[in-house]
Protein chains: 2
Amino acid sequence: MSATKPATIEDVALIAGVSIATVSRALNEPGKVADSTRRKILDAVAQTGYTTNAMARSLRMRRANMILILAPDVGDPNFSNILVGLETEASKRGYGILIGNTQNDPERETNYLRFISSNQADGIILLTGHLPYGLEAAGPVTRMPPMVAVNEPVPYAAIPFVGVDNFEGARVATDHLISQGHTRIAFIGKSTNRAVAMLRERGYRTALASAGVAIDERFVLEADGTTESGRGAAERMFVRDQLPTAFFCVNDATALGVIIALSARGYDLPHDFSVMGFDDISYASFVTPSLTTMKQPRLQIGEASMDLLLAMLEGEDVQKREILLRSELILRNSVALRRD
Amino acid sequence: MSATKPATIEDVALIAGVSIATVSRALNEPGKVADSTRRKILDAVAQTGYTTNAMARSLRMRRANMILILAPDVGDPNFSNILVGLETEASKRGYGILIGNTQNDPERETNYLRFISSNQADGIILLTGHLPYGLEAAGPVTRMPPMVAVNEPVPYAAIPFVGVDNFEGARVATDHLISQGHTRIAFIGKSTNRAVAMLRERGYRTALASAGVAIDERFVLEADGTTESGRGAAERMFVRDQLPTAFFCVNDATALGVIIALSARGYDLPHDFSVMGFDDISYASFVTPSLTTMKQPRLQIGEASMDLLLAMLEGEDVQKREILLRSELILRNSVALRRD
DNA sequence: ATACGGCATGTAAAGGTTTACACAACACAG
DNA sequence: CTGTGTTGTGTAAACCTTTACATGCCGTAT
């Protein structure tokens with residue numbers, strides 16, 4: 001007897017002997033309908049297997065209960081658990097997540113905005129570090145959808161940010177190296193445009209300054225955050241006359257490159273050099289030597305940012321425009337007491 | 001002069017001086033409208049910044065152009081690039097993807113089905129290896145949404161499958177070990193319920209059989225596919241009187257565990273033992289020794305499966321119920337010529 | 001007895017599309 | 001000049017909700 005078409009609110013109303021308005025109310029604001037009627041309605045719902053049609057609902061309510069996530073690369077191991085956190089929190093609150101893999105392609109970014117302009121998504125989580133390309137062109141400021149930037153803050157835009165306290169984390173990391181007796185500490189991964197790298201460098205400098213250690217600028221090397229760039233930077237270091245005893249790397253991928261370069265030169269780590277990373281990506285514990293690093297609370301970052309976005313969406317006045325979470329020092333085997 | 005409300009098809013029709021039906025046609029089936037009118041309409045569209053409201057469209061058309069992806073853990077490095085492939089193909093064809101992270105929790109699985117029953121998604125990509133819990137209960141077979149299983153086939157259900165040819169891949173892997181002179185080859189990762197593991201074991205057995213090598217059943221050990229289980233299995237191996245010279249592991253995570261166990265016992269790899277994995281997960285190249293393994297064409301798997309699902313959705317009669325892609329032997333440093 | 005407020009429910013509009021059907025204009029064959 | 005197709009466009013229904021407003025009823029204060 002199951003209808004080929006799915007049941008609508010009208011079918012339910014008919015069976016329960018009430019109007020569709022009452023059915024809608026019974027389902028959405030149970031307080032507003034008499035107990036006896038509500039029971040009849042719930043029975044009818046069970047009997048028909050009714051589910052409310054999300055399309056009709058969204059059309060009427062002008063809201064889709066859907067969040068768009070824009071990421072340059074969903075496959076990035078750095079994003080994986082953030083994604084899980086985002087999804088968990090969204091799902092818990094009845095929202096779905098839509099993912100947009102931009103590959104940093106402006107065209108794709110613009111294209112994903114159709115989800116916003118066509119009302120398929122109510123807000124955006126930005127993992128890209130910049131406003132979606134084509135957003136300004138799309139219309140005046142009033143049309144800007146609610147957004148939260150995660151991991152990478154968006155420069156020159158008043159977008160709420162959730163991420164790790166990079167400055168503080170880098171300070172803790174550098175302090176740890178200092179506590180192991182190191183003073184000639186290199187920083188691998190200087191950048192003049194990536195905000196995260198700049199904050200981490202500042203943390204490094206501040207830690208050394210407070211410890212009264214002068215910074216040898218020849219120990220501060222540029223690298224773009226990839227394993228390859230880390231390897232290259234380490235190689236460049238060896239043309240210098242004086243070498244550091246420890247390397248603080250802007251992230252784990254870079255640290256991996258440094259470790260590969262040092263191992264290839266035949267050094268024994270961590271005996272000859274200490275290496276410290278940042279992020280605690282999944283394979284940090286599998287490298288040899290396993291990597292001492294700062295762990296990003298990725299799950300929490302995901303949850304907190306989704307929580308913030310949904311709060312904005314639901315009209316709560318959000319006072320905090322920035323949520324900084326603490327990173328945690330993870331002790332493994334790539335850092336040791338200074339030996340020379 | 002930009003309206004506070006987004007422009008509707010009616011606004012466009014008014015400006016272009018035609019009816020809304022013509023506007024709709026001009027946009028969706030351009031051939032059916034006169035060139036001159038179409039031009040006027042496109043002008044009006046540009047002028048108003050009109051975008052069609054996806055909700056209204058989906059409501060009317062009973063189709064959302066959205067695909068639900070059910071995965072036990074989106075953060076799994078094994079899934080990452082499959083996800084990218086899925087997204088790429090979907091996006092190329094104008095579909096969006098909705099992700100459902102089930103954590104193998106029946107309740108969450110059931111919950112995600114609301115996207116289907118409420119018409120928010122048109123089809124499902126199953127990465128879980130089983131039908132979503134609660135699907136059968138939801139209604140008769142006629143209501144089953146189009147589905148494609150990826151990576152893990154769904155047992156006892158006629159669901160089209162896309163994945164790597166595990167049998168063939170395992171055979172190639174084992175052949176490689178044999179070609180390096182090994183005959184005492186262990187299989188780590190036997191399972192009696194995971195289809196993928198069973199296929200890989202069969203490939204292993206077939207390769208040895210065709211090479212005329214008798215299998216020592218004491219070399220076939222159970223493990224559930226985690227790094228920890230690989231480590232444990234390797235340890236168990238050492239209570240035996242005779243040891244293998246090579247380990248073929250059901251996947252890279254297991255291989256990693258084996259490597260860790262062997263290294264901890266002070267063996268020099270690959271000199272003392274060869275270890276082979278399967279999957280080529282991202283950190284396979286970072287372990288020491290770097291892991292020789294079979295590479296899964298993850299991007300392709302993602303694209304092929306989405307392509308199949310969309311073909312089904314668009315009514316093309318899909319003849320192929322199973323697409324098996326080839327895995328590729330990746331030579332690194334964990335396998336060497338037999339030395340003893 | 002009258003007025004009034006609160007409660008439970010119903011009526012109908014609105015949200016923005018797509019598309020079956022109808023219609024008009026025109027060309028062309030008979 | 002009539003009948004038949006073709007082409008281009010319009011009218012209106014349908015998709016399924018939510019919700020402002022109206023209605024009717026009952027209880028209570030005046």
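A, B, ... follow the sequence lines: proteins, then strands. Residue 1 opens every chain. Please read these numbers as outputs of a predicted model, since none were measured by experiment.
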Between the side chain of R57(A) and the main-chain N/O of S118(B), is any donor-acceptor distance below 3.5 Å? no

Rounded to whole Å, how long is the line connecting atom CZ of R63(A) with atom P of dA14(C)? 23 Å

Polar contact flag, side-chain donor to acceptor under 3.5 angstrom, R93(B)-N65(B): no

Ignoring backbone atoms, test whether T22(A) places a side-chain nitrogen or oxygen under 4.0 Å from the OP1 or OP2 oxygen of dG10(C). yes

In Å and rounded to the nearest 0.5 Å, what is the CG to CD1 distance from L70(A) to I116(A)? 8.0 Å

Keeping the roles fixed (side chain from R63(A), backbone from D122(A)), state whether a donor-acceptor pair exists under 3.5 Å. no

Distance in angstrom units between L27(B) CG and dT18(C) C1', rounded: 12 Å

Quick check against the 3.5 Å criterion: does T48(B) have a side-chain atom that pairs as donor or acceptor with the backbone of V45(B)? yes

Residues in contact with DNA chain C, drawn from residues 29-42 of chain A - heavy-atom cutoff 4.0 Å: V33(A), A34(A), T37(A)

Which whole-number value in Å describes the distance from Q120(B) CD to dT17(D) C1'? 13 Å

Do the side chain of E109(A) and the main chain of Y133(A) share a donor and acceptor less than 3.5 angstrom apart? yes

Taking it one step at a time, do E10(B) and T8(B) satisfy side chain to side chain donor-acceptor pair (under 3.5 Å)? CA-CA 5 Å; E10(B) 206 154 354; T8(B) 78; 4.6 Å; no

Would you find a donor on one side and an acceptor on the other, under 3.5 Å apart, between the side chain of N28(A) and the backbone of S24(A)? yes

Nearest-angstrom distance from the residue atom CD of E10(B) to P of dT11(D): 12 Å

Would you mind reading off the bend of the helix from dA1(C)-dT30(D) to dG30(C)-dC1(D) from its two end axes, five pairs each, to 10 degrees? 60°

Presence of salt bridge, D43(B) and K40(B), under 4.0 angstrom: no

Could you list the protein-to-nucleotides 13-16 of chain D atom pairs, N/O on both sides, closer than 3.5 Å?
from: dA14(D); atom 1: N3; to: R60(B); atom 2: NH1; distance (Å): 3.3

Between S305(B) (side chain only) and G302(B) (backbone N and O only), is there a donor and an acceptor less than 3.5 Å apart? yes

For a quick check under 3.5 Å, do N101(A) and R108(A) share a side-chain donor-acceptor pair by atom type? no

Using atom CG of N28(B) as one end and atom C1' of dT19(C) as the other, report the distance to the nearest whole Å. 11 Å

Could you give the CZ-to-P distance, from R25(A) to dC7(C), as a whole number of Å? 14 Å

